[in-house]
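Encoded as structure tokens, here's the structure I'll be asking about.
All chains are named by letter (A, B, ...) in the order of the sequence lines, taking the proteins before the strands, and each is independently numbered beginning at 1.
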Number of protein chains: 2
Amino acid sequence: MSDTRTPLSRERIVGAALRVIDEEGVDALSMRRLAAALGVQAMSLYNHVDGKADVLDGVTEFITKDMQLPRHTEGGWEDGIRSVAHGFRRASLRHPRACELVLTRQLSSPHALPTINCSLTVLLDHGFDEAAAVHALRLLISFQVGSLLREFHSPAFKGEEESAVQERRARLEGSGFGAVAKLAPRLAVIDHEAEFTFGLELLIGALRAYAPQTQQTHRD
Amino acid sequence: MSDTRTPLSRERIVGAALRVIDEEGVDALSMRRLAAALGVQAMSLYNHVDGKADVLDGVTEFITKDMQLPRHTEGGWEDGIRSVAHGFRRASLRHPRACELVLTRQLSSPHALPTINCSLTVLLDHGFDEAAAVHALRLLISFQVGSLLREFHSPAFKGEEESAVQERRARLEGSGFGAVAKLAPRLAVIDHEAEFTFGLELLIGALRAYAPQTQQTHRD
DNA sequence: CTGTCTCGCTTACACCGTAAGTGAAACGTG
DNA sequence: CACGTTTCACTTACGGTGTAAGCGAGACAG
């Protein structure tokens, strides 16, 4: 397994860290565990990495890197925003156990800049004024981060049995809160993809008010 | 300080924990540190509390508890939603260092139910059908959580000097990303309150499409 | 051959959450 | 009153954590 020849490197360390996180969760990642995965002693990592925080930074950086951005001038701004948003979500979902890092650690890190720049470019190119573009950007980021966070903390995150859904539903029904009880069947089940799309499309629709020259197409 | 007479209790422990977190941050809270704050040995806490996780649960519960909810039938649904949203934000801001707990830990914990129920009641009472109410609820939660998370991770969270803003602005300008550089002056400064209100009002406006009998008032 | 540099190694420290058991005070019941 | 029982802070100990410090073998330049 761990070839003694191949030398350690920040890249290899981050890769191994991501692998550990994917399989065992963020909490399972310790420097010793990580070193073991590389067939090495814990302190050896420090020759290539600044500490655990640096490893985690590397992981978030890695995940952030592989979300492809739309070439921003094709299509309307709606498609551009859609593309960025779904790309962000898809990249995060590719490493479910790791994504809380991406959402939680520096949202304004240098590595997020390409994405931010892309969104801003799309908006500016289609008639949003500067203030509106910044507001819209921040709103979209908030929505995306909040959605994904909800998604990952959702009890229904991984494939769960029907029984779990029933149990949750029963708990909601007996909660003593009228509205919650009434909507228990709907609250017990979540289609995260659909929920994300619903929110995103609603936001896009609302943002149309800030893109002056687009004189509205349809809106069902 | 630590009166030897007053007995330990879950309540007192949670209170002390919140105090430690407020002053030194979540990471500074250890069972030993917490015990010391109460003039007691670490293991003594375990007579009243199930472990560290339980302490943290207690803290989030405490914060969640003191956001007052509107009596849901007065005023339009817009005011109801506004009230809940701002109440949530205000309660979170009351303990800035602790709020990542509230946002991160179980969003679907029993303690969140009163708030959820309140929002749902407001929506249902004003003509939202069940599906729309659930969608709207989830959208609002996502937005709120994302907004606050952005707010707390923002480098500009605590009162910062003008110099810091200037430096950030310079960094953005020299980032090599056109749109980011152009908007650097705006991106370097954030008015979180205004940003939150902007997003909330935009959402409310968009949700009007789902409240049939309200035939629109104004919208500037 | 001899520096110097690289880099994995070992050892050690301070800290963490908590399992386990001990003993003194407080209490209900005879 | 005396008696078990319960409460609850205590001490000790275990297996983990991140990482500071320094060692030593090999590679490479002069």
Side-chain angles (χ1 to χ4, degrees), chain A residues 1-62 97-98 100-101 104-106 109, chain B residues 1-62 97-98 100-101 104-106 109:
Chain A
M1 198 72 15
S2 57
D3 194 338
T4 317
R5 301 304 135 141
T6 65
L8 236 38
S9 74
R10 194 187 131 102
E11 210 175 52
R12 243 163 66 77
I13 292 176
V14 168
L18 183 51
R19 225 169 301 125
V20 171
I21 292 176
D22 277 343
E23 287 166 15
E24 312 179 34
V26 184
D27 291 341
L29 187 81
S30 73
M31 294 304 268
R32 287 167 171 85
R33 174 77 191 75
L34 176 54
L38 289 160
V40 131
Q41 292 302 111
M43 288 309 291
S44 304
L45 304 175
Y46 286 79
N47 287 320
H48 306 269
V49 140
D50 247 11
K52 188 176 186 181
D54 188 33
V55 174
L56 264 31
D57 283 348
V59 171
T60 80
E61 174 186 352
F62 180 91
R97 328 266 306 244
E100 62 179 289
L101 294 178
T104 274
R105 297 175 76 78
Q106 72 291 4
S109 104
Chain B
M1 198 82 5
S2 55
D3 193 339
T4 316
R5 300 305 136 141
T6 66
L8 235 37
S9 73
R10 194 185 133 102
E11 210 175 51
R12 243 164 64 80
I13 292 176
V14 168
L18 183 51
R19 226 168 301 125
V20 171
I21 291 176
D22 277 343
E23 287 167 14
E24 312 180 34
V26 183
D27 291 340
L29 186 81
S30 72
M31 294 303 269
R32 287 168 169 86
R33 174 78 191 75
L34 176 54
L38 289 160
V40 132
Q41 293 302 111
M43 289 308 292
S44 304
L45 304 175
Y46 286 81
N47 287 320
H48 306 270
V49 140
D50 246 10
K52 188 177 186 178
D54 188 34
V55 174
L56 263 31
D57 283 347
V59 171
T60 81
E61 175 185 352
F62 180 91
R97 327 266 307 242
E100 62 179 289
L101 293 178
T104 273
R105 296 174 78 78
Q106 73 290 5
S109 104

Partner residues of A:Arg33 under the salt bridge (charged side-chain N to carboxylate O under 4.0 Å, His left out) criterion, sequence neighbours left out: A:Glu24
5' to 3' contact window, DNA chain D with chain B (heavy-atom distance under 4.0 Å):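 Going 5' to 3' along DNA chain D, contacts run D:dC8 to D:dA13.
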Residues in salt bridge (charged side-chain N to carboxylate O under 4.0 Å, His left out) contact with B:Arg32, at least two apart in sequence or another chain: none
Heavy-atom closest pair, residues B:Arg12 and B:Pro7: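 Reported closest heavy-atom pair: NE-O, 2.9 Å.
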Closest non-hydrogen atom pair, B:Val55 against B:Ala17: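 Nearest heavy atoms, B:Val55 then B:Ala17: CG1-CB, 3.6 Å.
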Residues forming a side-chain contact (heavy atoms from CB on, under 4.5 Å) with B:Ala16, sequence neighbours excluded: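 Residues passing side-chain contact (heavy atoms from CB on, under 4.5 Å) with B:Ala16: B:Arg19, B:Leu34, B:Leu38.
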Listed partners of A:Asp54 passing side-chain hydrogen bond (donor to acceptor under 3.5 Å, both in side chains), at least two apart: A:Arg10
Nearest heavy atoms of A:His48 and A:Ile13, plus distance in Å: CB-CD1, 3.9 Å
Residues within residues 20-35 of chain B bordering DNA chain D, heavy-atom distance below 4.0 Å: B:Arg32
Side-chain touch B:Val59/B:Val26, heavy atoms, less than 4.5 angstrom: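 The answer is no; the side chains never approach within 4.5 Å.
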Partners passing side-chain contact (heavy atoms from CB on, under 4.5 Å) against A:Ser44 (at least two apart in sequence or in another chain): A:Leu8, A:Val40, A:Gln41
Heavy-atom contact window of chain A on DNA chain C, given 5' to 3' at under 4.0 Å: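 In short, chain A contacts DNA chain C from C:dC7 to C:dA12.
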Contact list for residues 38-53 of chain B, test salt bridge (charged side-chain N to carboxylate O under 4.0 Å, His left out), sequence neighbours left out: none
Residue pair B:Leu56 / B:Leu29, side-chain heavy-atom distance below 4.5 Å: yes
Results of side-chain hydrogen bond (donor to acceptor under 3.5 Å, both in side chains) for A:Asn47 - residues two or more places apart only: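 Partners of A:Asn47 under the side-chain hydrogen bond (donor to acceptor under 3.5 Å, both in side chains) test: none.
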Residues touching DNA chain D, which here means a heavy atom under 4.0 Å, drawn from residues 42-52 of chain A: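 Going residue by residue through residues 42-52 of chain A, the ones with a heavy atom under 4.0 Å of DNA chain D turn out to be A:Met43, A:Tyr46, A:Gly51, A:Lys52.
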